[in-house]
2 protein chains.
Amino acid sequence: MTERPFHHGSLRTALLDEAILVLRESGVQGLSLRDLARRAGVSHGAPRSHFVDRQALLDALAETGFRRLTSHVELALAGQDDVRQRFLRVARAYVNFAIDDAALMDLMFPATPAPRPSAVADAAHDLFATLDNAMGPRHSATDEVARESFEMLFAATMQGIATLVASNRIDRARGDRLVDEAMEMMLGSALATRTVAPG
Amino acid sequence: MTERPFHHGSLRTALLDEAILVLRESGVQGLSLRDLARRAGVSHGAPRSHFVDRQALLDALAETGFRRLTSHVELALAGQDDVRQRFLRVARAYVNFAIDDAALMDLMFPATPAPRPSAVADAAHDLFATLDNAMGPRHSATDEVARESFEMLFAATMQGIATLVASNRIDRARGDRLVDEAMEMMLGSALATRTVAPG
DNA sequence: CCCCCAATGTAGGCAGCGCCTACTTAGTAG
DNA sequence: CTACTAAGTAGGCGCTGCCTACATTGGGGG
């Protein structure tokens with residue numbers, strides 16, 4: 001009577017959780033719906049009840065990726081110390097996430113973009129809104145452009161460092177130092193003084 | 001008698017050229033050895049004479065990618081104007097390449113790295129050696145670390161900007177401005193003065 | 001000059017995959 | 001209790017990568 005029940009109960013979550021592990025292990029190429037079904041102990045058609053096709057699974061993974069990254073950033077933002085320390089923590093959190101889940105980042109920022117479900121777009125928006133809030137209150141409308149530039153440059157630099165580390169071009173310790181240097185450079189720049197630390 | 005000859009003559013090159021187009025059109029997921037064979041007008045087993053498996057094709061693509069990017073950078077370096085202008089041109093060339101061939105960049109900097117043929121590693125090394133030379137003669141042994149940091153930060157930032165543009169997070173024009181701002185920031189930093197423009 | 005051989009391409013089979021359809025089971029709402 | 005729906009099963013289709021056996025070709029050594 002302790003047989004596996006007909007209904008899994010939380011197959012969708014189980015598939016996503018397992019997919020994250022496979023993604024870390026074998027990349028997106030190694031991700032197969034049938035394999036995930038086997039690992040979950042269900043038939044090969046079962047995932048279709050939760051994901052209309054493979055791309056739907058990848059989109060769901062991207063969404064959870066954005067949400068996890070957002071919560072990491074929020075955690076890094078907690079605390080009352082100065083803006084430099086906070087940004088440094090955010091940068092480290094961002095890069096560490098992007099390194100540990102590099103294949104997931106490729107799903108979040110795909111090289112060949114296609115129209116995405118609004119849930120993914122919303123999750124992505126939330127991440128950048130969080131980064132935006134992290135910079136504190138706005139000071140003037142004219143600095144809005146500079147502020148956005150700074151945010152994009154911040155995200156781009158962290159993403160780029162993570163890419164170099166993930167692809168084994170530089171090792172992790174070197175990447176850590178690079179993050180520190182990048183933050184020093186960015187926070188010391190004129191662009192930053194007009195946005196993050198005015199006056 | 002004007003039949004297609006039994007031997008293609010330059011199948012390997014034809015496959016690689018066609019693969020670049022498919023890569024731009026459909027990404028790495030859409031790249032199939034059998035499809036490439038069909039496009040080249042040969043049987044589905046023919047590519048095996050030139051690429052032992054699919055990964056070998058991807059590796060060859062990565063190698064040609066590094067070589068093409070290197071030549072773009074070299075072209076951007078031509079000219080006698082000051083180091084700022086040269087670096088700005090290199091940055092634009094790098095970002096434009098990474099945007100136009102974003103899927104190829106993923107093959108060059110894979111999220112799930114595996115041991116790669118020495119030909120790929122050599123081509124990658126050549127690219128970074130070219131970037132290294134672009135910074136002009138070295139000034140002191142103690143600045144060697146700062147110099148490498150600057151190079152890595154340069155590559156990372158450009159790669160990150162390209163990723164944001166390629167994945168449609170920011171548009172191309174915004175990316176162009178971001179490149180300018182990034183270069184202004186990097187060349188104005190203390191790290192740069194210790195390496196690129198000392199004194 | 002010719003013949004043999006290595007390189008190149010052909011043909012077919014195998015297992016795994018994504019996607020589709022028809023069917024079954026389980027939980028729930030009326 | 002019964003109907004309806006969500007969730008899972010089972011099987012088929014065409015595609016893929018990879019493997020093996022075989023055919024064709026062109027070039028280099030006897």
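Throughout, protein chains are lettered first and strands after them, A, B, ... in sequence-line order, and every chain is numbered starting at 1. Owing to the predicted nature of the structure, the values given are computational and were not obtained by experimental measurement.
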Between A/Gly45 and A/Asp35, which has a closest nucleotide on DNA chain C that is more 5'?
-> A/Asp35
With the side chain of B/His44 defined as its heavy atoms from C-beta on, choose the nearest nucleotide among C/dG9, C/dC19, C/dA11.
-> C/dA11
Can you run down the salt bridge (charged side-chain N to carboxylate O under 4.0 Å, His left out) pairs that involve residues 109-133 of chain A, sequence neighbours left out, and say none if there aren't any?
-> A/Arg67-A/Asp126, A/Asp132-A/Arg138, A/Asp132-A/Arg147
With sequence neighbours excluded, give me every salt bridge (charged side-chain N to carboxylate O under 4.0 Å, His left out) pair touching residues 22-34 of chain A.
-> A/Arg24-A/Asp101
Under 4.0 Å from OP1 or OP2 of [N]: is there any side-chain N or O of [X] that close?
X	N	answer
A/Ser43	D/dG8	no
A/Arg38	C/dC17	yes
A/Ser32	C/dG16	no

Contacting residues from residues 47-60 of chain A, given that a heavy atom lies under 4.0 angstrom of DNA chain C = A/Arg48, A/Asp53, A/Arg54
Distance, rounded to the nearest Å, where [X] contributes [atom1] and [N] contributes [atom2]:
X	N	atom1	atom2	answer
A/Leu33	D/dG8	CG	P	14 Å
A/Arg34	C/dC19	CZ	C1'	9 Å
A/Gln29	C/dG16	CD	C1'	14 Å
B/Leu11	C/dT10	CG	C1'	13 Å

Tell me the ring pair (Phe, Tyr, Trp, His ring centres under 6.0 Å) pairs involving residues 171-195 of chain B, sequence neighbours left out?
-> none
Partner residues of B/Tyr94 under the ring-ring contact (aromatic ring centres under 6.0 Å, His included) criterion, sequence neighbours left out = none
Tell me, please, which residues at least two apart from A/His72 pass ring-ring contact (aromatic ring centres under 6.0 Å, His included).
-> A/Phe97
Within one Ile-Leu-Val-Met-Phe-Trp-Tyr cluster: B/Val90 and B/Val83, side-chain cutoff 4.5 Å | yes
